[in-house]
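One-based numbering, in listed order, for ligands and for the atoms of each.
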Amino acid sequence: MNKLQYKFSGKTTTYYLDADLSYLEKLVDKSHTVLITDEHIFGKHQKRFGGWNTIVISAGEQFKVQATVDNIIEQLIEFGADRKTFLVGIGGGVVTDITGYVAAVYMRGLSFGFVPTSILAMVDASIGGKNGIDVGVYKNLVGTIRQPEFLLYDYSLLKTLPKEEWVNGFAEIIKHAAIKDAALFKELEKNRLTLYQKDKAALAKLIRRNVAIKSAVVEKDEFEHGERRLLNFGHTLGHAIENVYELSHGHAISIGMVAACMISEEFTPFKETDRVMGTLKKYGLPTLAEFDPREVMAVLRMDKKKVKDSMNYILLNKIGQAIVKVIPINELDKLLQSIITAR
Ligand SMILES: NC(=O)c1ccc[n+]([C@@H]2O[C@H](COP(=O)([O-])OP(=O)(O)OC[C@H]3O[C@@H](n4cnc5c(N)ncnc54)[C@H](O)[C@@H]3O)[C@@H](O)[C@H]2O)c1
Ligand SMILES: [Zn+2]
């Protein structure tokens, strides 16, 4: 096992990398803990939940909504959960987001930890304390920023992760490389998904590096006044098309990253859209999609990154270096039109 710590404003979070799920017994008091997971993970790993109070939610983004929160709260009441109860979300980003959110509001706040079980949750969703739910087509419109006590990584859980979810997670890994780590980008260009699926050591190293990239950004700027915004690379358009067209998060941000690369070429010295597209394709990710710019713009107007009539858009100067560019909504509208007609 490999222990790391990151210091956030209100809390130091401990990361147990390369650990085993059974270590959870050492971290929390079983009789005062409730695990929250989804039906897929519970179905595949039922034995590992033996003896724990567990709440199982339906799997899928469409359940990352207030109705599921209400349902979890009712079950917490049935378990007699009080302010000393510890919550542990064991799952992908949907489970970790909703667990963190429930933990923030139940009795005005419980302590919580995560066991991320998807690549995406391991390198991204479980890190950084942002926990929220969707409202209609608006992704993560409602939420909190509150850090977990710990993150416990058991890579053996990935054995049951469907192939398309590996692909999804690699969208965030490629994002981290594109905004922060040119050497990692090169490594990804050279390798392929099956290598990381087969080679445990390569995967462990890759996850550790991505955990470090995201955690360091959040440590510097927990409340997203500067640096943390860079993590939104590909996410502005990505979130808009994700819920309107029911794409997976990874697919949506992959398309969003390509659009952001094309917009970068208009405003910065960036010239490597082809390289980014090639790498996304290599990992099975889509790079272009048909979408209706008017519909997308309607959602963008509600985006949290919008300030008055402009948008903080994340662009690349070069691979490994991202910047924030303020783009007026009108101009963005035209740019998106031209991206669509350019194809
Ligand atoms: N809070 C944040 O900072 C943050 C960052 C990025 C993404 N997110 C959120 O994360 C969510 C996406 O995360 P995700 O891709 O993990 O989605 P997810 O939780 O829906 O998981 C994807 C699918 O894989 C299944 N699964 C997960 N782990 C498994 C395993 N080990 N074995 C078998 N099946 C498994 C799930 O049941 C689900 O069907 C989105 O809601 C997104 O908004 C949040
Ligand atoms: Zn994301």
Any donor and acceptor pair, going by atom type alone, linking the side chain of Y23 with main-chain N or O of Y16 inside 3.5 Å?
no
Quick check against the 3.5 Å criterion: does N210 have a side-chain atom that pairs as donor or acceptor with the backbone of V123?
no
Against heavy atoms of K64, which atoms of ligand 1 measure under 4.0 Å?
9 (C), 40 (C), 41 (O), 42 (C), 43 (O)
Kindly state whether the ring of F170 and the ring of Y196 have centres lying under 6.0 angstrom apart.
yes
Heavy atom to atom 1 (N) of ligand 1, shortest distance: which of K130, E39, K175, Q62 holds it?
K130
Could you establish whether E242 and ligand 1 come within less than 4.0 Å of each other, counting only heavy atoms on the residue side?
no
Sub-2.8 Å protein N, O or S atoms surrounding the Zn ion (ligand 2):
E172 OE2, H235 NE2, H249 NE2
Any N/O of E61 closer than 3.5 Å to an N/O of ligand 1?
yes
Nearest heavy atom to atom 42 (C) of ligand 1: which of K139, E165, E172 does it belong to?
K139
Short N or O distance, D97 and ligand 1, threshold 3.5 Å exclusive
yes
Hey, does L120 come in under 3.5 Å of ligand 1, counting only N/O atoms on both sides?
no
Kindly indicate whether the side chain of K130, heavy atoms from C-beta on, has any atom under 4.5 Å from the side chain of I145.
yes
Element-labelled atoms of ligand 1 that are located less than 4.0 Å from some non-hydrogen atom of N140
43 (O)
Yes or no: does P162 have any heavy atom under 4.0 Å from an atom of ligand 1?
yes
re atom 39 (O) of ligand 1, the protein heavy-atom contact at minimum distance is H40 ND1, 2.9 Å
Smallest separation among heavy atoms of Y15 and S215, with atom names
OH-OG, 2.8 Å
Checking contacts here: is it the side chain or the backbone of D134 that comes within 4.0 Å of ligand 1, counting heavy atoms only? Could be both or neither.
neither
Output, in order, the C-alpha distance, side-chain angles, deciding distance and verdict of salt bridge (charged side-chain N to carboxylate O under 4.0 Å, His left out) for K282 and E189.
CA-CA 8 Å; K282 190 167 182 188; E189 271 180 315; over 6 Å; no
One should read off an interatomic distance between I72 CD1 and I98 CD1, to the nearest 0.5 angstrom, of 4.5 Å
Atoms of ligand 1 under 4.0 Å from any heavy atom of A59, numbered from 1 in the order shown, are 37 (O)
Considering the heavy atoms of K214, write down every atom of ligand 1 situated less than 4.0 Å from one of them.
3 (O)
Do any pairs count as a salt bridge (charged side-chain N to carboxylate O under 4.0 Å, His left out) and have a residue in residues 70-98, sequence neighbours left out, and if so which ones?
K64-D97
Yes or no on side chain to side chain donor-acceptor pair (under 3.5 Å) for Q5 and T14, after CA distance, side-chain angles and deciding distance?
CA-CA 5 Å; Q5 284 192 321; T14 308; 3.0 Å; yes
I want to know if ligand 1 touches G91 in the polar sense, i.e. an N/O pair below 3.5 angstrom.
no
Answer yes or no: is there a donor N or O on one side and an acceptor on the other, between the side chain of R228 and the main chain of V218, under 3.5 Å?
no
Just to be sure I'm reading this right: ignoring hydrogens, which of L161, V123, T160, I133 gets closest to atom 29 (C) of ligand 1? Compare them by their nearest heavy atoms.
L161
Return yes if some donor-acceptor pair links the side-chain N/O of E295 with the main-chain N/O of V244 below 3.5 Å, else return no.
no
Could you check whether atom CD of Q62 has more than 12 heavy atoms from other residues, nucleotides or ligands sitting under 6.0 Å from it?
yes
Output the list of atoms in ligand 1 that are nearer than 4.0 Å to some heavy atom of D124, sorted by atom number.
5 (C), 6 (C)
Can you list the ligand 1 atoms lying under 4.0 Å from a non-hydrogen atom of G92?
16 (O), 19 (O)
Quick one: does ligand 1 sit under 4.0 Å from the side chain of A125, the backbone, both or neither, non-hydrogen atoms only?
both
Is the shortest distance from a heavy atom of I41 to ligand 1 less than 4.0 Å?
yes
Under 3.5 Å, which donor-acceptor pairs do the side chains of residues 106-122 form with other protein atoms, sequence neighbours left out?
from	atom 1	to	atom 2	distance (Å)
Y106	OH	A81	O	2.9
T117	OG1	G91	O	3.4
T117	OG1	G92	N	3.4
S118	OG	A121	N	3.0

If we only count heavy atoms from C-beta on, is the L76 to L87 side-chain gap below 4.5 Å?
yes
Ignoring hydrogens and angles, write down the donor-acceptor pairs under 3.5 Å from the side chains of residues 248-255, residues two or more places apart or on other chains.
from	atom 1	to	atom 2	distance (Å)
S248	OG	N168	OD1	2.9
S248	OG	H251	N	3.3
H249	ND1	E242	OE1	2.8
H249	ND1	E242	OE2	3.4
H249	NE2	E172	OE2	2.8
H249	NE2	H235	NE2	3.3
S254	OG	P286	O	2.6

Side chain to side chain, I314 and V324, heavy atoms closer than 4.5 Å
yes
Side chain, backbone, both or neither: which applies to K159 and ligand 1 if a contact is any heavy-atom pair less than 4.0 Å apart?
neither
To which protein heavy atom is atom 10 (O) of ligand 1 closest, and what is the distance rounded to 0.1 Å?
G93 CA, 3.2 Å
Nearest heavy atom to atom 37 (O) of ligand 1 wins, so pick from D38, I127, V94.
D38
Heavy-atom donor-acceptor pair, T13 side chain to P148 backbone, under 3.5 Å:
yes
Which of the ligand 1 atoms, numbered from 1, are nearer than 4.0 Å to a heavy atom of L157:
30 (C), 31 (N)
Short question: side chain of D154, backbone of L21 - any donor-acceptor pair under 3.5 Å?
yes
Would you say ligand 1 has an N or O under 3.5 Å from any N or O of N168?
no
Is the closest side-chain heavy-atom distance between Y6 and Q147 below 4.5 Å?
no
Shortest protein heavy-atom distance from atom 27 (C) of ligand 1, along with the residue and atom involved:
T117 OG1, 3.5 Å
Tell me, please: is K44 in heavy-atom contact with ligand 1, that is, under 4.0 Å?
no
